[in-house]
Structure formats: structure tokens, C-alpha cells
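Scroll down for the structure; my scribbles are underneath it.
Please read these numbers as outputs of a predicted model, since none were measured by experiment. Just so it is clear, the values below take in all heavy atoms, side chains as well, and ignore hydrogens, waters and symmetry mates. Throughout, a chain's letter reflects where its sequence line sits, starting with A, and its residues are numbered from 1.
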Amino acid sequence: MKQQDSQKHSSLVALRHSAAHTLAQAVKKLFPTAQVGVGPATEEGFYYDFRYERPFTPEDLERIESEMKSVIRASFPIVRRPVSRSEATALFSGLGEPFKLELIQGIPDEAEITVYEQGEFVDLCRGPHVPSTGDIPAVKLLSTSSAYWKGIESNPSLQRIYGTAFESEGDLDAYLKQLEEIQKRDHRKLGKELDLFRTLDEKGAGLVLWLPKGSQVRRTLEDLWKTLHDQHGYRYVYTPHIARLDLWKQSGHWDYYRDSMFKPMETEGTSYELKPMNCPFHILIFKESVQSYRDLPIRLSELGTVYRYERSGTLHGLMRVRGFTQDDAHIFCKPEDLSDEIQKVLALVDQMIGRFGFQDRTVFLSTRPDKSVGSDENWAMATDALKSALEQANVPYEIDPGEGVFYGPKIDIKFHDAIGRAWQLSTIQVDFNLPEKFDLTYRNAKGEVARPIMIHRALFGSIERFFGILIEHYMGAFPLWLAPEQVRVMSLADRHIPYAQALVDRLKSLRVRAEGDFRNEKIGFKIREAQLWKVPEMWIVGDREVQENRVSLRTREGEKSDLIPQETAVGDLLARCRPAEWAGNPWP
RNA sequence: GCCCUUGUAGCUCAGUUGGCAGAGCACAUCCUUGGUAAGGAUGAGGUCACCGGUUCAAUCCCGGUCAAGGGCUCCA
């Protein structure tokens, strides 16, 4: 089964790669002065880069696509031909393709050089390809953008044309449906429609305004987070948003992280810096409060808001912002406790994230990067501790070589949402660098001075980003326990308002997030509106309900149950509307 | 930051080949008191992102700035 999957995958790669060549062939035919860059298959399709005197327009794309289809109809055989270096150089200099010549120069001496020909088009390429342009059953061009030659900013800017190709029209249609689905779920669109958040834009790009409804969701998340962290032995702390630049020099952030930090601000001749991370403050708290091994491990947690300078072009809704709140914690422990502490974090990750209904989870262990600090022994010890924790917790994982942070290795956990997309949420990072920089010590059981190890960890990653992910995952329809408005009570006519208002008041006093819609509108109108706001439950009140102290219920999904006694409805709601940790306790 | 595209009412979007700015929804007032996704009427609402230039006249043409969208790169 696995082998079949991988065969299918590699044949799709060849198909898309051939589609990319076909794209280049079509562009060269319609725009003979265009020069070709590279054109690989990607995860979801393919692209090809061109240098041309003007940008390609959507109309150009249509013409190019129909030209591609005629190339496909012509069924040109795709022929592989090994060539000598001098032959290749002569060929592409004759064609006036400087980028291809540059690629040839980059091919090692001993490597074979091959070209692939289809009709009048020839491309430097190592393959593989499908046998004929006729073997591309379904292809579509999607968008254009710019990209630097070889992805280097100082290089010329090329125009990239994106497309995708599939084994069948049906597969292509399914893919296009998925794209539509992604657009429907876009958290920026839903965030606006549902009044969840706004970005400051002209008043501050990359900064988030949490509107009341979004703030309510955040509050529920944060309350639950704090409850779980209390239960797991963390101590909650608050730290400032700025500190003197010296702190960031001592921590090493100024050396290693300066490009992502806002510029320092001068006050009374002293430089202050906006915090990009919470860790140095937690370290200062450690120094204030720990002296003995008996105090360890100490777990300091904070929903700490940090500010990082992100280049303007990279900002994106809630997913990439300049001010965000980390669900942060730092665990300081004895070296021998490291693996144990990591296992505890893994368990907490599952307990916290497990309730959101993500499909599954993949775990990556990232090892030492090129740019890093610390001794080989420390890196080996920390990496081993992460491995042994994963193995003891029976968590399967993949190695991500060189993707660790500069101060230590890390575990990254990705979760798959309702439509299968993977999001990196939780991260667990071992750090032996900061404890040294700040000379953290404690007395061990033998009375010796020892150095603690530090673990940085976050479950959500950033609250802003996690909220964005949740909006897309749930398509704005938050589950009852998380919904900003849980119940909307609606009056049928004005004479029902006193009963309905009393019902809302009762629910509010029980800490249910209930609102009333008593406007002078027909019930159909109110229901439509509540549906559009994705309120999970609608409670409808008319003559029959008032007379018998009942309510009629309708859920967001359209299920109805009429004339439920109020006591039953309220009791049932209380049992469902809160996380299990708070069951039976309306005042978390 | 760079390339391309875009910026008109609270929202979604028309529009003017340069001559007083338009719709739907939302909002306000009134009529209607209606049983599970839109009852009706009236009204208010805009420095056409911002700054400058060309012109008798600029929302429209030109330049710049800011921001958003799609990418490159980077990442929570």
C-alpha cells in the first residue's frame, strides 16, 4: 500500500514536471523573447519562471493555457538525450537562455548532463518525465507572481507562473474544490464577517485588535490554559514589555536575533528594547526564587505578549503579525530530570490540544543548525534527552536535520485540521545557553554548585495564530464551549419579552454566554441572523412556552426540539457548555 | 524589504474614455406582533486611502507615501 502511494506520488511528480515543460513551450511560442528560468513540480502542482519585458496578465494566462492544451493534443514525444557539456553550452547559448547556461556551470564535472525535447522545445533537465505531452490528462494555470532567480534577493526578479496538473479531470476538480474550501475558511474573511478581530493596518500593520467576540473566545482559551497549567504544577507570572537593552545583550538576543527586533528606544540617555521573547524575564525570576535542588523543577508560565519586527511583505492576517502573545513557559530542571519533564510537556500538549478535534499529529525532532552556540557535549546530551522522552512516551517522530534553534534542539508538533492541512503548534526547546549566560545555579544534593537546564515550550505557539487556525478549522462555527455567544434567546412577539429576558438573565447568572434578540422582527429573520453569526443554540419563546415554562430549541445544525421544560433545557445546557475541567463549577 | 495587483458608504461591490458620486446589505424612524434562514415604507450616511503634480476642471491621468492581496524570503 505504502509503495503504491509512493509510486503514485512519483508519477504525479513526473506528470507535473512535464506540465511545467509544456508551460515553457507554450510561453516560448507565444512570447519568443521570454527567457526561461527553472520549472519544477511542487507539492500541489508546478511552476515555471520566466524573464519577460512585461508582467503576464490573466488574459495572457488564458492564451498560454490554451496553447498548452494544443501542445498536449499534439502528443509530442518527450525525449531524453544525454549531451556533453560543450554541446549543452552551445545549445543554450544558441537559444539565448542565460539562466540555463548558469545552471550548466553549476553542474559538477562528473555529472551527466541531459536535455529533454518535446516538439520544437528543448530544456535542460534531469527528468523524469511522462513519455509524451499527450500523457497530461488535466492541467490548469492558477496564478502569476514574481520570484528572484534562485530565490536570492540580489538576483533579477523573474515572473513565476503557477499551475497544477492531475491524472484526471476529476482529480483536478477535487483540487479546485479544495482551493475554494480554503478560501471559504479564510480567517481574515471570517474574522471580519463574524466581528472576531481586525488588524490595525494603516494605524499599525501586523497589529491585532481583538473585537469583543474574538476576545471572548480568547478568554475561554486562556482560562482553560491557566486551569490546566495550575493543575500541572506551573506558576503563573507577569513580566514587563520592555527592558534595558543590556538585558537583551546579556541574553544573546541582540547578537543572534537583532534582525527580528524593533529598534531600541532612547529614554533619559538609556536604550530600552521591546521584548521579542519572554525568557530573559523568567530567568530573572528564577534567580530571585531558586537556590536549592529542592526547589526544582520550577515551571514558570505566562501568556506573554511579544513584539517582533517582521518584514512588511510577510505579514498575513493573524498567522504572521508583529505583536503576538505566546502561551509561554520555561521549565528549569536538573539535568537528570530533563527527559521526565519533556514527557510531562508532551502529555500536557495532548491534554490541551486534544480537545479541538484535529485529525492527527506529527512530531519532528530538530537537530543542531549551522548557526548555533554551545558545546558538542551539550547538544548531544539535549538531543538524547528529547529522543528518550519521545521514545519513552511512545511518540513516533521524524528527524528534521539542522532545523533546531541556535541555542538548542527542539521538538515541533504539527496538527492536521478539518481539511487536512498541517499546522505547527506546539514546540519544546532545550536550552543550555541562557542558564550559562545568566549564570543560573542551584545547590545540588551534595552541596555543590550546579547549573540547571532550561526548557522553553509553547502549546498553542501564539494565541493570535492559534485563533486564526481555529477559525479556519471550525469555519467560524466554534463548538459550544468555545463559542463567543453560546445561546440566543428569541421572542416571537413583544408580549414574550419579559419571560425571554428572565431566561437570558438566568443563563447569564449561570455564566452561560447568552444574548436575547427581542427586536420587532419575524422569527425567521432572527433565526437567519443567528445562523449567519453561527450561534450554536437558539432558544425560541412564544405563547406556548410562556404558558408552560418551556423553551423550543433549534441548533445551528438545524435540529429542532419543541417545548422542552425550562429546567431540563438549562440543566442539559450546563452539562455541555463547559470543558470537562470546569464541569459542575460555573465559576472557573 | 523586493516583484505584480488592488484601495469608492460600517460591509460587499458597481461607476465616471476628466465635468456636482451609485446599488445591495447593515444603520435610524414609522407601519406590522409575525412559529423555525430575509414583512413593508421612509431616511440618514462618502475629502472616492493619504500627499503632491498636470488641467478651466482630477475619484479618474502622472509621481510619491501608507495599507491590503498573491508570491519570493522568513517564521509563532
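- With P as the reference atom, B:rG10 and B:rG46 are 8 Å apart, rounded to whole Å.
- OP1 or OP2 of B:rG1 has at least one side-chain nitrogen or oxygen of A:Tyr309 nearer than 4.0 Å.
- The phosphate of B:rU33 has neither OP1 nor OP2 within less than 4.0 Å of any side-chain N or O from A:Arg495.
- The distance between the ring centers of A:Tyr236 and A:Tyr234 does not fall below 6.0 angstrom.
- In this structure, A:Phe356 and A:Tyr474 have tilted ring planes: the angle between them lies in the 30° to 60° band.
- For A:Lys203, no side-chain nitrogen or oxygen approaches OP1 or OP2 of B:rA67 to under 4.0 Å.
- The side chain of A:Ala493 lies closest to B:rG34 when the candidates are B:rG39, B:rG34, B:rU36.
- Residue A:Asp494 is classed as a base contact, given a heavy-atom separation below 4.0 Å to a base.
- The same atom, C1', is picked in B:rG45 and in B:rU36; the two are 34 Å apart, to the nearest Å.
- Here B:rA76 is the nucleotide among B:rG35, B:rA67, B:rA76 with the atom lying nearest to any side-chain atom of A:Arg320.
- Here, B:rU54 and B:rU59 have their C1' atoms 16 Å apart, quoted to the whole Å.
- Separation of the P atoms belonging to B:rC48 and B:rA38 is 38 Å when rounded to the nearest angstrom.
- Of the candidates B:rU73, B:rA76, B:rA38, B:rA76 carries the atom nearest the A:Val321 side chain, counting heavy atoms from C-beta on.
- Aromatic ring centroids of A:Phe466 and A:Trp423 lie 6.0 Å or more apart.
- A:Phe166 and A:Tyr175 have tilted rings, their planes meeting at an angle from 30° to 60° on a 0 to 90° scale.
- Residue-to-nucleotide contacts include no donor-acceptor pair under 3.5 Å from the side chain of A:Arg160 to the base of B:rC72.
- If you check every strand for non-hydrogen atoms under 4.0 Å, A:Gly542 touches a base.
- Put simply, A:Tyr162 has a side-chain N or O that comes within less than 4.0 Å of OP1 or OP2 on B:rC72.
- With the nearest nucleotide of RNA chain B identified for both A:Ser561 and A:Glu310, A:Ser561 has the one nearer the 5' end.
- Heavy atoms of A:Ile523 sit under 4.0 angstrom from primed sugar atoms or phosphate atoms, though from no base atom.
- A:Lys275 forms no cation-pi arrangement with A:Tyr307, by the criterion of a distance under 6.0 Å to the ring centre and an angle within 45° of the ring axis.
- Heavy atoms of A:Phe324 sit under 4.0 angstrom from at least one base atom.
- Residue A:Arg528 places its side chain closer to B:rA38 than to any other of B:rA67, B:rA38, B:rU36.
- Residue A:His316 places at least one side-chain N or O closer than 4.0 Å to OP1 or OP2 of B:rG70.
- Remark: P of B:rC3 and CG of A:Leu158 are 13 Å apart, rounded to the nearest angstrom.
- In terms of heavy atoms, A:Pro276 sits closest to A:Tyr257 at CB-CE2, 4.0 Å.
- In this structure, A:Glu521 reaches the bases: a heavy-atom distance under 4.0 Å links it to at least one base atom across the strands shown.
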Checklist entry - How is the base pairing of RNA chain B summarised as a dot-bracket string, given the Watson-Crick and G-U wobble criteria with both distances under 3.5 Å, [ ] for crossing and | for another strand? => result (((((((..((((.....[..)))).(((((.......))))).....(((((..]....))))))))))))....

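- Atom pair A:Asp517:CG and B:rU36:P shows a separation of 16 Å (rounding to whole Å applied).
- Distance from the side chain of A:Lys192 is smallest for B:rC11 among the nucleotides B:rC2, B:rA37, B:rC11.
- Atom CD of A:Glu181 is separated from atom CD of A:Glu472 by 10.5 Å, given to the nearest 0.5 angstrom.
- Place A:Asp186 and A:Val541 on RNA chain B by their nearest nucleotides, and A:Val541 ends up nearer the 5' end.
- Checking A:Glu302 against A:Thr239 by side-chain atom types alone, a donor-acceptor pair falls below 3.5 Å.
- Checked against the 6.0 Å centroid criterion, the rings of A:His456 and A:Tyr407 qualify as a close aromatic pair.
- Nearest nucleotide to the A:Tyr148 side chain, out of B:rA76, B:rG1, B:rG39: B:rG1.
- Comparing B:rA37, B:rA38, B:rA67 against the side chain of A:Leu532 picks out B:rA37 as the nearest.
- Of the candidate nucleotides B:rG39, B:rG71, B:rA37, B:rG71 has the atom lying nearest to any side-chain atom of A:Ser145.
- Put simply, A:Arg188 has a side-chain N or O that comes within less than 4.0 Å of OP1 or OP2 on B:rG70.
- With both ends at atom P, the span from B:rU16 to B:rG7 equals 13 Å, rounded to whole Å.
- In the set B:rA76, B:rG34, B:rA67, B:rG34 carries the atom at the smallest distance from any side-chain atom of A:Lys522.
- Proximity note for A:Thr314 (side chain, C-beta onward) versus B:rC72, B:rA67, B:rG39: the nearest is B:rC72.
- Taking side-chain N and O atoms only, A:Arg308 has no distance below 4.0 Å to OP1 or OP2 of B:rC74.
- Here A:Gln531 lies in heavy-atom contact (under 4.0 Å) with a base.
- Ring pair A:Phe197/A:His187 is parallel by interplanar angle, where below 30° counts as parallel and above 60° as perpendicular.
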